[in-house]
Amino acid sequence: MTRPIVRFAPSPTGLLHIGNARTALLNALFARREGGTFILRFDDTDTERSKPEFAAAIAEDLAWLGIVPDVVVHQSARVDLYAAVAERLKAVGRLYACYETPDELERRRRLQLGRGLPPIYDRAALALTDEDRARLEGEGRRPHWRFRLEHRVVAWTDLVRGDSHVDCTSLSDPVLVREDGTYLYTLPSVADDVDLTVTHVIRGEDHVTNTAVQMQIFEALGAAVPAFAHHNLLTTASGESLSKRLRHLSLKSLREAGLEPGAVASLAVLVGTAETVRPVARLDELAGLVDFAHISRSPAKFDEGELNHLNAKFVHAMSYDGVRERLAALGVGGGEAFWQAIRTNLTKVADAAAWWPVVHGPLTPVITDAALVGAAAEALPGEPWDGSTWKTWTDTVKGRTGAKGRALFMPLRLALTGVDHGPELAALMPLIGRDRTSRRLRGETA
RNA sequence: GCGCCCUUCGUCUAGCGGUCUAGGACGUUGCCCUUUCACGGCAAAAACACGGGUUCGAGUCCCGUAGGGCGCGCCA
């Protein structure tokens, strides 16, 4: 394949959620694997709702996932291009002036819906004469501009969905330019795709109808039509659309919940595909797994429980070098031995903080069997301690008290760590050290 | 209301007319390991939405029903 040029085009009107991450990752990973170009395009033509802080938050979320755009463009800075494209469409007779008010259009739509008809624009403005237009403008009315669709079936071979078609007969001519001269999504999107020579448009299936319209615009401009890949949408575990639940499933909140970007990326890319959902540590490797033809055509449920589980798998496999700085930031010392001892008990890296006092103190022991713990204190061997100390010690305690199994180990675990679950004590014991162990066995906070 | 798409274990899916007594992964349950919990290993339970048709034969093709997603903006 020649080097593809792709784009992820969020509107900076809110935070990215896991579904957006899926789109962004599919684009970025496809480009990365094919040696192509990944463009981050901010669709900020809606000046009312677009906010610079959302653009910054989006860039931050993408960076967290490991996505670095090759090119960043803001549509708000490219209006000259859109003006030229609008003029070109007027010149080829595909952009026409309309004078209806929003209220009027809304009223007509309701009327059509009430009669069981598709609520499409009736093209009344097409019948306007030059005199009509002159009169309306004389009254101070400014036109908005619609693209005249050809009423025909537009077909393409979708990289995900296969042979696809949309009948444009049942579509309204889209408004491309407002009265105030600002542009609506469709025109800037196509103008940029042409100008930036985008080769593959990879986006959610909510855009399939847009694709038919946009293909007509590409053709009206005499431009090459890119390939399209419409991936399935993600829903919540209960089947709700993601955008309605975005506060909890935003990338920002997932990040703040302490999840690994790799776990989020793995699930975002692999769920709803023929590929097994599993933790994939490197984005390069994840890129190798992207296959449009293996993306399902039906919506997939995104389960937070699954994300936590995937995150745990991720953490269990993380090397000390990979987390050293983050442990330090958590106020956790302990070195590699500590990390090796505790990592398989963690769901999130931040959980490591809970185990630090266990080896470093202070910790208040829980004494459930004073007799056993007392005997254990007396049997405590001298240092140095290593991985075999635990067995030597507990064998001695077992011989003196007759306790075994859970009755032997649980009181010792509770006395040494204060909780009834946790890492292998054989590994923990040398890290706790004889002094602290001894004091905890006597019931002291240490 | 109209249009497009979809419907296999709890979840994500494999399956493109016979090789399906339907395979895998996650989860679940059990067992093993560790003389403890967890980690790890092994094993088991668990699905073709429903009704017609085509065919010697249907999870696979066709029609219908039900359910779901998306779209039908001077949002993107």
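Chain naming here is simple, since letters A, B, ... match the order of the sequence lines and numbering starts at 1 in each.
- Atoms CG (Leu414(A)) and P (U36(B)) sit 15 Å apart, rounded to a whole Å.
- The separation of A38(B) from C33(B), taken at their P atoms, amounts to 15 Å, rounded to a whole angstrom.
- We find that CZ of Phe54(A) is positioned 18 Å from P of C75(B), with the value rounded to whole Å.
- Side-chain contact annotation: Asp103(A) with Thr101(A), donor-acceptor N/O pair under 3.5 Å absent.
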Nucleotide by nucleotide, nucleotides 2-9 of chain B touches protein heavy atoms under 4.0 Å in the pattern (B base, S sugar-phosphate only, - none) ---SS---
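- In this structure, the nucleotide among U36(B), U11(B), U35(B) sitting nearest to the side chain of Glu306(A) is U11(B).
- For a distance-only test at 3.5 Å, the side chain of Glu179(A) qualifies as a donor-acceptor partner of the base of C74(B).
- A salt bridge is defined here as a Lys NZ or Arg NE, NH1 or NH2 lying under 4.0 Å from an Asp or Glu carboxylate O, and Arg178(A) with Glu48(A) fails to meet this definition.
- For the residue pair Tyr121(A) and Glu100(A), a side-chain donor N or O sits within less than 3.5 Å of a side-chain acceptor on the partner.
- Residue Glu53(A) qualifies as enclosed at atom CD: its count of foreign heavy atoms under 6.0 Å is above 12.
- Checked against C74(B), A76(B), U36(B), the side chain of His144(A) finds its nearest nucleotide in C74(B).
- With respect to Asp173(A), the salt bridge (charged side-chain N to carboxylate O under 4.0 Å, His left out) criterion is satisfied by exactly one of Arg94(A), Arg123(A), Arg146(A): Arg123(A).
- Base contact: Glu424(A) has a heavy atom under 4.0 Å from a base atom.
- Of the candidate nucleotides G73(B), G71(B), U13(B), U13(B) has the atom nearest to the side chain of Asn232(A).
- Across all strands shown, Leu412(A) has no heavy atoms under 4.0 Å from either base or sugar-phosphate atoms.
- Between Tyr185(A) and His207(A), the two ring planes are tilted [angle within 30° to 60°].
- Atom CD in Glu275(A) sits roughly 14 Å away from atom P in C26(B) (whole-Å rounding).
- Between the CG atom of Leu105(A) and the C1' atom of C72(B) there is a distance of 14 Å, rounded to whole Å.
- Across A45(B) and U35(B), the matching P atoms stand 32 Å from one another, rounded to whole Å.
- Pair assignment for C42(B) gives G30(B), based on Watson-Crick or G-U wobble hydrogen-bonding distances that are each under 3.5 Å.
- C12(B) atom P lies 15 Å from atom CD of Glu304(A), rounded to whole Å.
- Rounded to whole Å, the P atom of C42(B) lies 28 Å from the corresponding atom of C48(B).
- Nearest to the side-chain atoms of Pro102(A) among the listed nucleotides U35(B), C37(B), C74(B) stands C74(B).
- Thr13(A) comes within contact range of no nucleotide atom at all, as no heavy-atom separation falls under 4.0 Å.
- In this structure, of U36(B), C12(B), A76(B), it is A76(B) that holds the atom nearest to the side chain of Asp43(A).
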Each nucleotide of nucleotides 40-45 of chain B classed B (base within 4.0 Å of a protein heavy atom), S (only sugar-phosphate) or -, in 5' to 3' order, makes S-----
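- No engagement by Thr182(A) is indicated, since no non-hydrogen atom pair under 4.0 Å with the nucleic acid exists.
- Side-chain N/O atoms of His421(A) and base N/O atoms of C37(B) include no donor-acceptor pair closer than 3.5 Å.
- If you check the side chains of Asp44(A) and Ser76(A), you find a donor sitting under 3.5 Å from an acceptor.
- Using a 4.0 Å heavy-atom criterion, one finds that Arg146(A) contacts the sugar-phosphate atoms exclusively.
- Residue contacts shown for Gly272(A) are limited to sugar-phosphate atoms, with no base heavy atom under 4.0 Å away.
- With hydrogens and angles ignored, the 3.5 Å screen pairs no side-chain donor or acceptor of His200(A) with any backbone N or O of Pro226(A).
- Between the side chains of Ser319(A) and Asp321(A), not a single donor N or O lies within less than 3.5 Å of an accepting N or O.
- Taking the P atom of each, G53(B) and G59(B) are spaced 15 Å apart, rounded to whole Å.
- One atom, CG of Leu171(A), and another, C1' of G73(B), lie 12 Å apart when rounded to the nearest Å.
- Using a 4.0 Å heavy-atom criterion, one finds that Glu100(A) contacts the bases of the nucleic acid, with or without backbone contacts as well.
- Within the shown strands, G18(B) is the pairing partner of C56(B) under the Watson-Crick or G-U definition, both distances less than 3.5 Å.
- Partners of Glu306(A) by side-chain contact (heavy atoms from CB on, under 4.5 Å), not counting sequence neighbours, listed by chain and number: Leu267(A), Val277(A), Asp303(A).
- Ion pairing between a basic and an acidic side chain is recognised when a charged N comes within 4.0 Å of a carboxylate O; Glu87(A) and Lys90(A) show such pairing.
- At whole-Å resolution of the value, CG in Leu233(A) and P in C70(B) are 7 Å apart.
- His294(A) comes within 4.0 angstrom of no nucleic acid atom, judged by non-hydrogen atoms across all strands.
- Remark: Arg406(A) is not in phosphate contact with U34(B), judged by side-chain N or O atoms under 4.0 Å from OP1 or OP2.
- Of the C1' atoms belonging to C9(B) and U65(B), the separation is 24 Å, rounded to the nearest Å.
- With both ends at atom C1', the span from C74(B) to C70(B) equals 23 Å, rounded to whole Å.
- Closest to the side chain of Val175(A), from the set A38(B), C74(B), A76(B), is C74(B).
- No contact: Asp303(A) has no heavy atom under 4.0 Å from any strand.
- Checking the phosphate oxygens (OP1, OP2) of C74(B), a side-chain nitrogen or oxygen of Arg109(A) falls inside 4.0 Å.
- Across U36(B) and A43(B), the matching C1' atoms stand 24 Å from one another, rounded to whole Å.
- Between the side chain of Trp339(A) and the main chain of Met318(A), a donor-acceptor pair closer than 3.5 Å is present.
- For the pair Tyr183(A) and Tyr121(A), both in contact range of RNA chain B, the more 5′-proximal nearest nucleotide belongs to Tyr121(A).
- Taking a pair to require two hydrogen-bonding distances under 3.5 Å in either a Watson-Crick or a G-U wobble arrangement, G1(B) pairs with C72(B).
- Below 30°, between 30° and 60°, or above 60°: for Tyr82(A) and Tyr183(A) the angle between ring planes is above 60°, a perpendicular geometry.
- Judged purely by atom type and a 3.5 angstrom limit, Arg141(A) uses its side chain to pair as donor or acceptor with the backbone of Tyr99(A).
- C16(B) and G1(B) have their P atoms separated by 37 Å, given to the nearest Å.
- Between the CZ atom of Phe302(A) and the P atom of G69(B) there is a distance of 18 Å, rounded to whole Å.
- When heavy atoms are screened at a 4.0 angstrom cut-off, Leu425(A) is found touching base atoms of the nucleic acid.
- The nucleotide U65(B) finds its pairing partner in A49(B), both defining distances of the Watson-Crick or G-U wobble pair being shorter than 3.5 Å.
- Below the 3.5 angstrom threshold, one finds no donor paired with an acceptor across the side chain of Lys404(A) and the base of U35(B).
- Side-chain atoms of Leu184(A) lie closest to C74(B) of the nucleotides C74(B), U36(B), C39(B).
- Within the 4.0 angstrom heavy-atom criterion, base atoms lie near Leu113(A).
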